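A short worksheet on the structure shown next.
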Amino acid sequence: MNIRTIDWKNDKVRIIDQRSLPQKLVYLDIDKPSDLRRAIRSMQVRGAPALGAAAALGVYLGVKGYMGVGWQGFSRRLKSAAKYIASSRPTARNLFWGVERVVLAAEKNKNKPIAVIKKIILDEAKKIMREDALSCRKIGSYGSSLIKEGSRVLTVCNAGILATIDYGTALGVIYSACSHGKKVKVFSCETRPLLQGSRLSCWELSRRGVDVAMIADNTASSLMAGGKVDMVIAGADRIAANGDTANKIGTLNLAILSRYHKIPFYIAAPESTFDLSIKSGEQIKIEMRDPREVTGILFKKTTAPEGARAINPAFDVTPHRLISAIITDKGIIRGPYLRNIKKILSGRR
Ligand code: MRU
């Protein structure tokens with residue numbers, strides 16, 4: 001199955017509309033920054049690395065039609081396009097990283113003609129996509145060394161093809177192990193409220209022929225207690241310098257359960273998810289989403305009494321001491337994280 005979550009095609013951003021899954025595989029072609037921002041906010045495109053690429057392409061959409069010739073005017077337009085896209089969702093580091101990459105590429109070339117700078121921005125966004133495809137395969141290959149024949153892996157949300165360009169981080173580890181001939185069984189937490197685990201992870205895992213069983217989120221503990229889970233692998237939206245990791249709400253529950261049941265708990269993420277400018281997870285801004293995502297099912301059916309109040313944080317932060325290792329595109333990082341994250345990301349072993 002070769003599917004691509006996000007691409008640049010016919011002068012437009014092409015995304016898979018993830019809100020239509022698993023019923024229909026629908027592609028959307030987007031050529032306005034406002035439509036792209038809406039697609040990010042409404043989670044038609046989602047998952048940290050996919051957001052990095054979407055944001056970079058979104059900045060390009062914002063400057064593509066600029067008709068002026070001078071850097072000053074272009075720079076103002078670039079900054080406002082960057083700010084606009086960066087305001088779409090607050091938690092995933094990759095989104096800001098994607099924006100910063102294209103802005104920096106433009107600034108480094110500010111003496112060139114505007115048409116050339118625009119092309120540089122688009123090329124940088126395409127490069128981000130190529131790099132992500134490669135990074136995920138590296139994460140997969142490092143991570144598959146942790147998976148034994150017959151391993152039973154529990155995961156949450158969707159950190160797969162649909163959260164990246166075309167392979168996945170946590171699910172990339174599973175795809176890589178399977179490609180080496182290992183048999184892996186996956187338990188996918190459904191991931192209330194937006195059901196990325198059932199709608200998206202089960203969809204892509206089963207399309208790739210991986211043995212997957214969906215579970216209600218509250219089933220994880222009893223499966224672990226019954227000795228049916230060998231490890232947990234989750235993705236990440238932002239990792240602080242000390243290893244504290246923000247990921248989909250419910251990830252922290254799994255980390256605490258894993259510690260209690262003595263099961264390894266792994267995070268899989270590319271370098272672009274690390275935010276070494278923040279010391280700890282306390283500094284990570286957690287997105288609060290519409291409470292109706294909780295009081296209903298995918299906005300279609302209300303499941304709570306009229307007027308019921310709800311709170312809907314989209315992410316939680318798992319403290320580094322609950323994380324057995326972080327599987328990255330640069331290698332597997334174990335504690336002490338403050339020292340080893342810097343060491344491994346900088347290539348010093
Ligand atoms: O709200 P979402 O669906 O964008 O949340 C996504 C996650 O939490 C993923 O686990 C994370 O972005 C890692 S994706 C490789």
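The structure displayed is predicted, hence computed values, not measured ones. As the structure lists them, so they are numbered: ligands from 1, and atoms in each ligand from 1.
Contact check on Arg93 versus Glu100 returns a salt bridge, with a Lys/Arg side-chain nitrogen under 4.0 Å from an Asp/Glu carboxylate oxygen. By the 4.0 Å N-to-carboxylate-O rule, Arg292 lies close enough to Asp290 to be salt-bridged with it.
Near Ala48, with a cut-off below 4.0 Å to any heavy atom, the atoms of ligand 1 are 12 (O), 14 (S). Proximity to Asp237 (heavy-atom distance under 4.0 Å) selects the following atoms of ligand 1: 6 (C), 7 (C), 8 (O), 9 (C), 11 (C), 12 (O). Close contacts between ligand 1 and Gly47 involve ligand atoms 4 (O), 12 (O) [criterion: under 4.0 Å to a heavy atom]. Numbered from 1 in the order shown, with element, the atoms of ligand 1 that lie under 4.0 Å from a heavy atom of Thr169 read 15 (C). Numbered from 1 in the order shown, with element, the atoms of ligand 1 that lie under 4.0 Å from a heavy atom of Met43 read 1 (O), 3 (O). For ligand 1, the atoms closer than 4.0 angstrom to any heavy atom of Gln196 are 1 (O), 2 (P), 3 (O). Remark: ligand 1 atoms within the under-4.0 Å shell around heavy atoms of Ala159 are 14 (S), 15 (C).
A distance-only check finds no donor-acceptor pair linking the side chain of Thr219 to the backbone of Asp217 [under 3.5 Å]. In this structure a side-chain-to-backbone donor-acceptor pair under 3.5 Å is missing from Gln18 to Val45. Although no hydrogens or angles enter the test, the distance criterion places a donor-acceptor pair under 3.5 Å between the side chain of Gln283 and the main chain of Lys279.
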Original post:
After noting the C-alpha distance and the side-chain angles of Ile3 and Arg207, does the key distance pass the side-chain contact (heavy atoms from CB on, under 4.5 Å) rule?
Top reply: CA-CA 10 Å; Ile3 60 166; Arg207 275 178 67 122; 4.1 Å; yes
Subject >> side chain to side chain donor-acceptor pair (under 3.5 Å) between Asn158 and Arg46, worked out >> reply: CA-CA 9 Å; Asn158 171 265; Arg46 45 139 305 275; 3.2 Å; yes
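Residue contacts with ligand 1, taken as heavy atom pairs separated by less than 4.0 Å, involve Lys248 via backbone and side-chain atoms alike. Contact annotation for Pro49 and ligand 1: only side-chain heavy atoms (C-beta onward) come within less than 4.0 Å of the ligand. Residue-level proximity to ligand 1 for Cys157 is carried by the side chain, the only part with a heavy atom below 4.0 angstrom. Residue contacts with ligand 1 for Asn158 involve N, CA, C or O but no side-chain atom from C-beta outward (heavy atoms, distance under 4.0 Å).
For Ala92, the closest heavy-atom approach to ligand 1 does not fall below 4.0 Å.
Judged by the 6.0 Å and 45° rule, Arg37 forms a cation-pi pair with Tyr84. Annotation: cation-pi pair Lys228/Phe187 absent, no NZ/CZ under 6.0 Å from the ring centroid and within 45° of its normal.
Among Ile161, Val210, Val212, the one residue that satisfies the side chain to side chain contact (heavy atoms under 4.5 Å, CB included) test with Glu204 is Ile161.
The shortest contact between atom 9 (C) of ligand 1 and any protein heavy atom is with Asn247 OD1, 3.4 Å. Ranking the protein heavy atoms by distance from atom 14 (S) of ligand 1 puts Ala163 CB, 3.4 Å first. Closest to atom 3 (O) of ligand 1, if we only count protein heavy atoms, is Arg46 NE, 2.5 Å. Here the heavy atom of the protein found nearest to atom 4 (O) of ligand 1 is Arg89 NH1, 2.9 Å.
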